[in-house]
Amino acid sequence: MTNETTTRPRTDSAARYSPREIETRWQARWEADGLYLTSDDDPRPKWYALTMLPYTSGDLHVGHWYAMAPSDAAARFKRMHGYNVLFPMGFDAFGLPAENAAIKNGRHPAEWTFANVERMRGQLKSMGAMFDWSREVVTASPDYYKWSQWWFLQLLKHDLAYKKRAAVWWCPKDQTVLANEQVLDGKCERCDTVVMKRDLEQWFFRITNYAEELLDFSKMQWSEQIASMQRNWIGKSVGAELRFGLDVQGVETKEIRVFTTRPDTVYGVTFFVVAPEHPLVEQITTPEQRDAVRAYVDAARRESEIDRMSTEREKTGVFTGAYVTNLFNGEQVPVWTADYVLSTYGTGAVMAVPAHDQRDFEFAKKFGLKIVPVFQHPDWDGGELTAALGHGGSMINSGPFDGTPDEQAIAAVVKYAEEQGYGRGTVNYRIRDWLISRQRMWGAPIPIIYCETHGAVPVPESDLPVLLPDDAEFRPTGESPLTYHEGFLRAKCPTCGEPGRRETDTLDTFMCSSWYQMRYIDPHNDERPFSRELAKKWLPVDQYTGGSEHAVMHLLYTRFFTKAARDMGIVAFDEPMLRLFNQGQILGPDGQRMSKSRGNVIAPDGEVEKWGADTFRAYLMFLGPWDGGGPYDASGISGVYRWLSRVWTVVTGEMRTGAHADTPETRELRRWTHKTITKVTDDLTEFRFNTMVAALMEFTNHLVRLRESGAEVDAGAWREAQESMALILAPSVPHIAEELWSRLGKPYSVHTQTWPSFDAELAADDAVEIAVQVNGKVRERLMLPVDAPEDVLRAQAMASASVAPYVEGKEIVRVIYVPNRLLNIVVR
RNA sequence: GCCGAAGUGGCGGAAUGGCAGACGCGACGGUCUCAAAAACCGUUGGGCCGCAAGGCUCAUGUGGGUUCGACUCCCACCUUCGGCACCA
């Protein structure tokens, strides 16, 4: 087939790179052969690579390709390193868009959802990724959500799920409650509608039980960015809970507790503030103050959350007429109610220390309340304060504590408080329990039956799944059809058999995606969510990839789920995903996040049709660092296509070869081959896909130049270059790599080959260019053999006509020599 | 306000403290063509000198510092992006 000494067939159209033909052919072959099916019995070490599953929105967009193509390359790379790689794919299929589409078209959400699954699976397949489709999971299918319901029952059994009445976020447009995590800037995460508070009885998971452990990231390699976002969200504060005496006629409660991070300022308390929603407000308010307080509380209730959250606005508040006693000094201080105190944080009440807290300071100034400094701060001259004082100095006005330095103050006061029974040291977290009820139909029904006699009774595991009705009728009430579906509602109490009523709320879709990685390992098991043996073999996930927009939602929930599963004896590890890489977000051309409502979603189909999947994959990898993201712009894609065309031409074309094992051209060729293998290996290991593509381009350019120079090289070295090219292309551009491998006469498949090793000796240069600087400025570049001794280099440098003028007549102070890089002559 | 990341050509971006701008897009010039597209070849940070080969010089957000040498390390500031935010 190869003809020793012909020149290349430049414009032979039959030999041109035609991606579409190649890609459809190989995709069919791979599927027919089951090339990407992962066996549970494979003895090789396992590697579980996972990329976040897409929501069934309708079409795959550029963002999906951007997230998945590099993940696929990384998974394939692992496979070529001898790992038994599990790289599954599925669909997050419950949620509101399906329901909204159903209301609009008058069809069942399942229709819309499963049609989207079909379409998106096809689109995903066009990517040529190594997904094992035999393990696909769809969270909205009964054989999946049966197990979501099972998880709910386990959590309930272990007191990690509970129902309570609480003020919860409500989205008036979506007509459902939301978890705290799903409220962004006071708006619904899904639809951007301003949310409101409602008092409702809802199901919660006790994620707060794990607040402290969730702060520990030491058992995995996650980015500092995500860790800090989660830490922020959990919001740990160390301080103390202090009691204040309450003595109001007709009020049973004799104390109010506050959380403070500054118990050491307790002698500076000059007033006390409770949130307008605080249950005691109504009770303690004196008759004279009643009208004013009621008006204030009502106004606060009516105000939008966005207005209330603003930090800029002036402090407001009303005196309740009541007083509390500071147990430390027996002082009575007035109790105010003000909306700068949040009912959801701490105890909903604060001890106000205007001298040492800026918010209390502003409030005191506005309402003419006393300000008593309790630290002799070094910056304070004893005059009237213009702002609250920070940490520093030692205690004053603090009875027995006067003179205690700042560093010891908190510990001393807490110790005293505990001895006297005034309070105790404690830790407070900002995170709230996870609200998982949704008043929507397209979700997994919460498996509970309400009975007149027995209350909320869990559905027995043997009765799972609680199926969604397939004849849901959508009325324009905004309410879930489950609430008026007689067939669904009617149920017998599992305890007494009397007629009961089913829970009509469904599970938050984030609960369904909190454990999907566990289902992939055993997706067809109908006895258990997954077998223990397979869990032991595959879990946890070794490498997870996905967007950082899930930092305090999915990525926090799945960690909680794993810890709960561990404590319930279901799994034996602490963290769901050992390594996490967050790719950046690909934005629309307008620089905005791609979303259907903005109309800036770009479908990749056109580009894939035009250039091929390989080109598109490589282009997305080439754009820049993967964690960078940025606006999508297709203008550079032709360059990547041109590159793959050149690869095609140079690898399939003919070359003048012979036996020339030791010519400079052959040595140079080997050097390029081994250098490129080295670089591509390193870059794939570190997820530096952009520089990997650049290195492959440079290698290609060298081969093209070499071929066009007409030089003859060693046949073995050329062969090695061709085969190496196919192998190192395989993870990123799997189709062309397979085709080239096949055309080189190698056995199917390139994707089951071992990653090529590189020879450092062959990769090493035998001559290097060394920069010669005088006082840090480059004056000359010299070619020298590798590891040339300093004196040889120095002699040549001094002799150089471009160096001499800068050195002549000057005193040489110092000479710095960095082997194989540069020589810097310092003169005076 | 607090936490995190980042500022490099017209654009995307590259550079273990050691030759700034790899690789690619775009632009310009050329080959092929009746012509255009495609493809291929060449040039391409700014300024200055030179017919030319080439040389000089400025340049990595701003200002300082450390160093023989700074895109890289340190300090301050500015800007952008992401997160949290009246969290006691």
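Please read all numbers here as calculations on a predicted model, not as lab measurements. By convention in this document, chain letters (A, B, ...) are assigned in the order of the sequence lines, proteins followed by strands, and residues within each chain are numbered from 1.
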* To do: Compare side-chain N and O positions of A/Arg642 against OP1 and OP2 of B/rC25 and report whether any pair is under 4.0 Å apart.
  => yes
* Asked: With respect to the side chain of A/Pro625, which nucleotide from B/rC68, B/rG13, B/rG24 is positioned closest?
  -> B/rG13
* Check whether any side-chain N or O of A/Tyr632 sits under 4.0 Å from OP1 or OP2 of B/rC11, and answer yes or no. => no
* Is A/Glu769 touching bases, backbone alone, or none of the nucleic acid, heavy atoms closer than 4.0 Å? -> base
* Is the side chain of A/Ser548 donor-acceptor paired with the backbone N or O of A/Asn582 at a distance under 3.5 Å, no angle test? -> no
* To do: Tell me whether the OP1 or OP2 atom of B/rA85 has a side-chain N or O from A/Arg430 closer than 4.0 Å.
  => yes
* Determine the contact category for A/Arg688: base if any of its heavy atoms lies under 4.0 Å from a base atom, sugar-phosphate if only primed atoms, P, OP1 or OP2 are that close, otherwise nothing. => nothing
* Asked: Between A/Phe689 and A/Arg617, is there a cation-pi geometry (under 6.0 Å to ring centre, at most 45° from the normal)?
  -> no
* Measure from the side chain of A/Ala694, starting at C-beta and using heavy atoms only, and say which of B/rA22, B/rC86, B/rC58 lies closest. => B/rA22
* To do: Under 4.0 Å between any heavy atoms, over every strand shown, what does A/Val778 touch: base, sugar-phosphate, or nothing? Just pick one.
  => sugar-phosphate
* Would you indicate, yes or no, if B/rA88 has its OP1 or OP2 atom less than 4.0 angstrom from a side-chain nitrogen or oxygen of A/Ser237? => yes
* Can you find a side chain N or O atom of A/Asn820 that sits less than 4.0 Å from OP1 or OP2 on B/rG18? -> no
* Asked: Do A/Arg243's NZ or CZ and the ring of A/Tyr422 fall within the cation-pi criteria of under 6.0 Å and 45°?
  -> no
* Under 4.0 angstrom, heavy atoms only, what part of the nucleic acid is A/Arg432 near: base, sugar-phosphate, or nothing? -> nothing
* **Carboxylate-amine/guanidinium contact A/Lys197 A/Glu277, below 4.0 Å** => no
* To do: Describe the nucleic acid contact of A/Phe689 in one word from base, sugar-phosphate, nothing, applying a heavy-atom distance below 4.0 Å.
  => nothing
* Structure fact -> Taking B/rC86, B/rC40, B/rA88 as options, the one with an atom nearest any side-chain atom of A/Tyr345 is B/rA88
* To do: Among the candidates B/rC84, B/rG4, B/rC86, find the nucleotide nearest to the side-chain atoms of A/Gln225.
  => B/rG4
* Would you say a side-chain N or O of A/Asn232 is under 4.0 Å from OP1 or OP2 of B/rG4? -> no
